[in-house]
Amino acid sequence: MSRKQKQEQLASLTYSRYLLDVAKVHPDVERFCRTMSNDEWAYDTTTFGAIDAWGSARGWNYPGFKGLGLDNDKPSRYNSPTMIKEWGAEDPYIYHFPEGNQALVRMMVGRMIPGFASATDMDAITTASYDYGRLDLSTNKVRFRLASPVVSVANDGAPESATSATVGYFDGHTIRTVRAGAVIMACWNMMIPYLMPELPSEQRAALRQAVKMPMLYAMVQLRDWKAWHTAGVDRVRWTGAYWCVSKLDHPVSMPGYDFPRSPDEPATVHMIATPAKGGMAPAQGAVAGRHALIRTPFAHMEYTIRDQLTRLLGSAGFDPERDIEAITVNRWGHGYAPEYCRPWNAFYPDGPFPAETARRQFGRIAIANSDSVPAASADAAIAAGHRAVSELMAL
């Protein structure tokens, strides 16, 4: 086959089907590889496309492609948008805040609202203190009103001639309204048709396609990490368990916050579970996985955490009763915004794309959120916000 034909063939297959039908591996090999994509994409290789497995083979060691004679000097047009954008980029995950992306939000809010944060620079945000009582003062140029879910958004008059819009929200007791010159909807896009029923039917239908992937993140606080040190591992991918990844956090230090250098010091273990059902399109698998997640009690999640860590580290001296000090589970029924990908989205990469219809400006109302890109990353959300502001400033 030509390079183009090979890429077209890869774009028509999931990675699991490629391994079994093209590479002709033993079924045990496919089962061993099945959870390789879970951490990054929130679904397994029975859904993950072969073209994207080929595209990320270098970084994630997806096997089975060297015999194709297919140069990876540049991405395929069938690779997912983020993969094309980041092709060849060196951006290791170690470049992150110990507390995650919330540091970005706190720095931004601290710069918009004086007195909210004791520090607003990158070096000090991790250990900063916060005064939430300053978020909604009438003297602020920017105000944040927490615990006030929006229930309606509408232009004041016909969208083509409106000069303002009204937002309705629930304050815990009653519905209140606030009027603004413009509104940006940066919420989960699937909810927008319920908040704005006057949107055109085509746009409402496109917004409802923003089906997010369910995700579970657990943080396990350990008394020490001696067993990890003894076992000689810091990250483990599970091939047939509830949690698909268990890993010690990357050793990131900030001024006033040092990562644990000695195995005798406390440490946190990050665990990931992806409930989406495999073997079907991401959106369908997300719905099935979400139903399963709702039926799964936290007691079962705790049991599987203790069980898997004991299976992994018991022979290295790990005792869950002694060594686990605390467990936090973040259960996201609606987590990652899925990208357009092959083999499931036949319109990709030529279009038309549902997100382009979904994010259309509607009078004084613009639509943001990473769903409107769509991609599951902080930079996607930032780009979407910038686009929405630019649209409104052009009015």
Side-chain angles (χ1 to χ4, degrees), residues 101-102 104-117 129-212 214 287 290-291 293-294 298 328-335 337 358-372 381 384-385 388-389 391-393 395:
N101 285 342
Q102 62 179 287
L104 300 175
V105 178
R106 287 173 169 174
M107 281 191 288
M108 287 188 285
V109 174
R111 295 175 188 185
M112 289 187 284
I113 300 181
F116 165 69
S129 58
Y130 306 96
D131 182 358
Y132 284 86
R134 303 190 66 85
L135 289 179
D136 196 19
L137 299 178
S138 59
T139 54
N140 292 351
K141 290 185 177 180
V142 177
R143 298 171 69 178
F144 285 79
R145 186 156 296 171
L146 303 180
S148 302
V150 169
V151 296
S152 64
V153 182
N155 288 289
D156 296 327
E160 59 273 12
S161 59
T163 58
S164 62
T166 297
V167 175
Y169 68 95
F170 181 62
D171 70 355
H173 303 283
T174 188
I175 303 296
R176 296 184 178 273
T177 59
V178 59
R179 179 172 293 173
V183 176
I184 295 176
M185 302 293 287
C187 59
W188 178 28
N189 282 191
M190 183 178 276
M191 297 305 297
I192 293 176
Y194 300 99
L195 305 176
M196 299 173 59
E198 71 278 13
L199 283 172
S201 58
E202 180 188 22
Q203 188 169 6
R204 293 200 308 271
L207 285 161
R208 290 194 175 100
Q209 293 188 40
V211 180
K212 289 180 178 282
V287 173
R290 196 153 35 245
H291 291 172
L293 179 59
I294 291 171
F298 281 104
T328 299
V329 176
N330 294 293
R331 184 177 66 175
W332 298 323
H334 309 278
R359 64 181 181 237
R360 288 176 185 164
Q361 184 180 340
F362 187 65
R364 308 298 301 188
I365 304 166
I367 295 174
N369 191 286
S370 65
D371 294 339
S372 68
V389 170
E391 289 175 352
L392 294 173
M393 291 183 68
L395 291 175

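Keep in mind that the numbers below use all heavy atoms, side chains included, and drop hydrogens, waters and symmetry copies.
- Checking side-chain atoms of N155 against main-chain N and O of G157 turns up no donor-acceptor pair under 3.5 Å.
- Scanning for side-chain hydrogen bond (donor to acceptor under 3.5 Å, both in side chains) contacts around S152 gives an empty result, with sequence neighbours left out.
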* Output, in order, the C-alpha distance, side-chain angles, deciding distance and verdict of side-chain contact (heavy atoms from CB on, under 4.5 Å) for M196 and I365. => CA-CA 10 Å; M196 299 173 59; I365 304 166; 3.5 Å; yes

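- A distance of 9.5 Å separates NE2 in H334 from CG in L293, rounded to the nearest 0.5 Å.
- Under a 3.5 Å cut-off, the side chain of R364 and the backbone N or O of G181 do form a donor-acceptor pair.
- With sequence neighbours left out, F116 forms a ring pair (Phe, Tyr, Trp, His ring centres under 6.0 Å) with Y130, Y132.
- One finds the OG1 atom of T177 at 8.0 Å from the OH atom of Y169 (value rounded to the nearest 0.5 Å).
- Looking at every heavy atom in both residues, L395 comes nearest to G363 through CD1-O, 4.0 Å.
- Contact record, A388 with A366: O-CB, 3.7 Å, taken as the closest heavy-atom pair.
- One finds the CZ atom of R359 at 11.5 Å from the CG atom of D371 (value rounded to the nearest 0.5 Å).
- The main-chain N or O of K212 is found under 3.5 Å from a side-chain atom of R290 such that the two form a donor-acceptor pair.
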* Evaluate side-chain contact (heavy atoms from CB on, under 4.5 Å) for L135 paired with V109, printing each intermediate quantity in order. => CA-CA 9 Å; L135 289 179; V109 174; 3.8 Å; yes

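- Partners of S129 according to the side-chain contact (heavy atoms from CB on, under 4.5 Å) rule, which considers only residues two or more places apart in sequence or in another chain, are S118.
- Note on residues 179-196: pairs passing side chain to side chain donor-acceptor pair (under 3.5 Å), not counting sequence neighbours, are D156-R179.
- At least one donor-acceptor pair under 3.5 Å links the side chain of S148 to the backbone N or O of L146.
- Judged by distance alone, with hydrogens and angles left aside, the side-chain atoms of N369 form no donor-acceptor pair with the main-chain N or O of S372 at under 3.5 Å.
- The minimum heavy-atom distance between V183 and A165, with the atom names listed, is CG2-CB, 3.9 Å.
- Residues forming a salt bridge (Lys or Arg N to Asp or Glu O under 4.0 Å) with R331 (at least two apart in sequence, or on another chain): none.
- Of the candidates V167, L207, L195, M185 forms a side-chain contact (heavy atoms from CB on, under 4.5 Å) with just one, namely L195.
- D136 contributes atom CG, which lies 10.5 Å from atom CZ of F144 (distance to the nearest 0.5 angstrom).
- Side chain of R204 to backbone of L199: a donor-acceptor contact under 3.5 angstrom is found.
- Proximity of R360 to E391: side-chain heavy atoms (C-beta onward) are nowhere separated by under 4.5 Å.
- Atom CZ of R143 has more than 12 neighbouring heavy atoms from other residues, nucleotides or ligands inside a 6.0 Å radius.
- Partners of R111 under the side-chain contact (heavy atoms from CB on, under 4.5 Å) rule, at least two apart in sequence or in another chain, are M107, T120.
- Looking at R134, its side chain does come within 3.5 Å of a backbone N or O of P114 through a donor-acceptor pair.
- Residues R208 and P193 share a closest heavy-atom pair of NH2-CB, 3.6 Å.
- Across all non-hydrogen atoms, the minimal contact from Q203 to A358 is NE2-O, 3.1 Å.
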* **Steps toward side-chain contact (heavy atoms from CB on, under 4.5 Å) verdict (C187, V150)** => CA-CA 10 Å; C187 59; V150 169; over 6 Å; no

* Asked: When you look at T166 and V178, which way does the side-chain contact (heavy atoms from CB on, under 4.5 Å) test go after all the steps?
  -> CA-CA 6 Å; T166 297; V178 59; over 6 Å; no

